[in-house]
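Let me begin by presenting the structure, written as structure tokens, before commenting on it.
Atoms within each ligand, like the ligands themselves, are counted from 1 in listed order.
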Amino acid sequence: MSTHINHLSSEDLLDILLLSHNATAIYTGDDIIVQSANDAMLKFWDKGKSIIGLPLIQAVPSLKGQPFIDMLKKVWHTGNTIEGVDAEAVLEVDGLLQTFYYDFSYRGIKNPDGSTRCILHTATDVTERYLSKAREKLLNDELIITNRQLNRSQENLLLMNSNLAQSEAQLQFAIDAASLGTWDLNPVTNKFSGNDRLKLWFGLEPEEEIELTKATDVIAESDKMRVIAAIQHAMQFASGGDYDVEYTIINPKSQIPRIVKARGKALFNIDNEAIRFSGTLQDITEERKAREELTETNQRLQLALDAGKFGSYDLDLETGEMLCTEQCKLNFGRPLDKPFNFPDLMDVILPEYHKFIDKQIKNAVKHNTVYNAEYQIRWPDESRHWIRAAGKPRYNEQGKAIRMVGVTYDITESKMNEQRKDDFISIASHELKTPVTTLKSSLQLLNRMKDDPSPEMLPKLIEQSNRSMEKISSLINDLLNVSRMNEGQLHLNKSRFNISQLLIQCCSHIRASDKYDLIFDGDTALEVLADEDRIDQVVVNLVNNAVKYAPNSPRIYLSVAMEGDTAKISVTDNGPGILPEKLPHLFNRYYRADYSGIQYSGLGLGLYISSEIVRKHGGKIGADSEVGKGSTFWFTLPL
Ligand code: ADP
């Protein structure tokens, strides 16, 4: 029996091939005519069977511009095979251009003569696979990036951590260096935490937790309410959370007070509630003490300056602005409520001193020495005054003189005393000269007639010499008295005596002249405890003055009366009287009231000596006078 082999035609083979689920198509020719395409391939293209027989580019126009047609042409010409994996193709499906990915093969099927018979195109849609792979890759890439970022953040974090540790160490160092206490209040629990130093100050053990009330209890009573109010204020959102208050704490263990400055800040949540309140505490006891001491020293200095009528100033050498104390303005006769600057100062200083002052200031600045000057000024009321000023320059860091600080002092009185002293010396010489000249001429005459003395002239010349001698010795006595008083050497020989007796018997030289009546009136029984000779000297002086300055008042009244626990003795004349403005100065040393037109001799010492004697007895001396009516000079002595 013969076996029958059933051969399949090439068409049959093709049809079978085309049944494959794999997309398959067959092309021929230069134009890549679609000879056949199975359903799977037609589905890729979204085309029907009708396209068979058309060139591929016509059948699937969306391939235009893509590399596939060229590849197929190459295969057709060479007969080689081109394969691709994950090849991207854009095809129009459901009316939309969409991207797909294929694994494909263009296989050239050759004729026995080597020419290309057809091209077998097989393709598998790997879009799903491709995309998931791509997604995976993307994910992977992202993961790598994230990882890298994570690493970087980690590094940053480490850096920040080390920075933080460093800042914390620095902060701790600063806290320790500044000897600060630190505190942190939890507003919810009202409990404090604090460093050891703070706890030490509040008299707490290091491990102890601090209740707010426990801390405030340690605050001095006088400060407590103020501090509590400040804490409450800071914890209110509207306050901005700032806290800055000074108070005293009294250590409950040692009872040692400590003045502290607390500074802090409250932090708030979005509901504007305080969630944290922390800050520092600084011990300012020493600082405060130093400040108080400085204030006290300044006050003491001010007191001394005021007591001595020293004005002080602080002159800005650049602007000429001058800070002056009240006394300084008073010294220059200036209103207290108006500024008194350098140009104003120069205005009141008499022009002849300007050059000198300028030189003194420049000199002090140049050599960093004390500036010293005495000059005359004119007050707004035109009166002239003497000022002594001293100052010291102050320099800045660059060594430039920027200020001059110092004092001013009104030396008018002492300048006048100096003037009076000068006057006194010339007056004293003049006063002595008259009796000395008289005495000299009397002695010359006596000398001439010593061999043949004239009986009329002799007693006259002796009398004249005696008077001159008396005058000289009285002047010398005054001078001696003054110098003794200056040295505090006025000694009193006190005894109890009847003062009216003294008044009745005194001044025999005046009573003898018959020109004046000394009229006594008063308590004849009063006795005083005093130096009888000295009191006699005072009375004689007052009576002599009455005679000298009230020559036309023949009656001089002497009186004594009890006034309190003193005896008041008065000498009254009906002379010209004394101007009220001169009265307060009469008892000053060298003071002599001028009387226009009339020259009285005298040293201006009598009343001064009298006042010193009375003062030494513990009494008072004074003068009442009315111009045109007369004067009463009086003094008191303790009984
Ligand atoms: P002196 O008489 O040497 O000038 P005093 O100290 O005794 O010095 O007197 C001071 C001044 O007081 C006198 O210069 C005179 O101007 C005035 N004075 C004193 N007594 C009288 C008086 N009774 N009446 C008017 N002026 C007087």
Side-chain angles (χ1 to χ4, degrees), residues 416-417 419-435 470-486 490 503 506-507 509-510 513 515-519 534-559 568-616 619-635:
M416 292 209 344
N417 275 342
Q419 184 61 47
R420 274 187 219 118
K421 202 168 185 169
D422 290 346
D423 291 350
F424 168 74
I425 289 170
S426 78
I427 291 167
S429 327
H430 187 78
E431 289 290 306
L432 278 167
K433 209 171 161 192
T434 320
E470 247 168 48
K471 184 95 198 167
I472 291 166
S473 90
S474 143
L475 283 169
I476 287 171
N477 253 340
D478 274 359
L479 290 172
L480 278 178
N481 275 329
V482 169
S483 73
R484 243 183 247 143
M485 275 164 199
N486 282 350
L490 181 74
L503 291 173
C506 77
C507 310
H509 61 293
I510 287 166
S513 80
K515 232 178 118 183
Y516 297 95
D517 253 351
L518 300 188
I519 302 159
R534 292 291 181 193
I535 297 304
D536 185 64
Q537 191 184 338
V538 174
V539 176
V540 169
N541 186 261
L542 297 183
V543 174
N544 276 347
N545 277 350
V547 170
K548 183 154 84 177
Y549 298 107
N552 303 324
S553 156
R555 290 208 175 100
I556 296 163
Y557 302 91
L558 304 173
S559 77
K568 184 175 180 180
I569 298 108
S570 313
V571 178
T572 304
D573 63 59
N574 296 320
I578 302 157
L579 290 168
E581 64 267 24
K582 298 198 169 169
L583 277 177
H585 306 292
L586 296 180
F587 301 91
N588 291 350
R589 204 172 358 155
Y590 316 130
Y591 185 85
R592 310 198 63 233
D594 297 325
Y595 291 95
S596 43
I598 313 165
Q599 273 288 325
Y600 296 102
S601 68
L603 297 176
L605 288 178
L607 287 179
Y608 167 71
I609 293 168
S610 301
S611 79
E612 285 298 297
I613 292 170
V614 171
R615 208 169 49 84
K616 190 94 184 173
K620 286 184 185 148
I621 191 161
D624 307 318
S625 181
E626 211 176 309
V627 175
K629 293 213 167 139
S631 315
T632 297
F633 283 79
W634 55 263
F635 64 94

Locate the shortest heavy-atom distance separating Gly630 from Ser625; write the atom from each residue and the value. O-OG, 3.1 Å
Closest to atom 23 (N) of ligand 1 (heavy atoms only, candidates Asp573, Val627, Leu583) is Asp573
Pull out every atom of ligand 1 sitting under 4.0 Å from any heavy atom of Phe633, numbered as shown with elements. 19 (C), 20 (N), 21 (C), 22 (C), 23 (N)
Enumerate the atoms of ligand 1 whose separation from the nearest heavy atom of Leu607 is less than 4.0 angstrom. 5 (P), 6 (O), 7 (O), 9 (O), 10 (C), 12 (O), 19 (C)
Contact partition for Leu542 relative to ligand 1, non-hydrogen atoms under 4.0 Å: neither
Out of curiosity, is Gly575 lining ligand 1, as in a heavy atom under 4.0 Å away? no
Lys548 atom NZ, over 12 foreign heavy atoms within 6.0 Å: yes
If you count the atoms of ligand 1 from 1 in the order shown, which ones are under 4.0 Å from a heavy atom of Ser631? 24 (N)
Applying a 4.0 Å heavy-atom criterion (strictly less than), which segment of Lys582 is in contact with ligand 1: side chain, backbone, both, or neither? neither
Check ligand 1 against Leu586 and write out every atom of the ligand that is under 4.0 Å from a heavy-atom position of the residue. 12 (O), 17 (C)
Keeping Ser570 on the side-chain end and Thr632 on the backbone end, is there a donor-acceptor pair under 3.5 Å? no
Around atom NE2 of His430, are there more than 12 heavy atoms from other residues, nucleotides or ligands closer than 6.0 Å? no
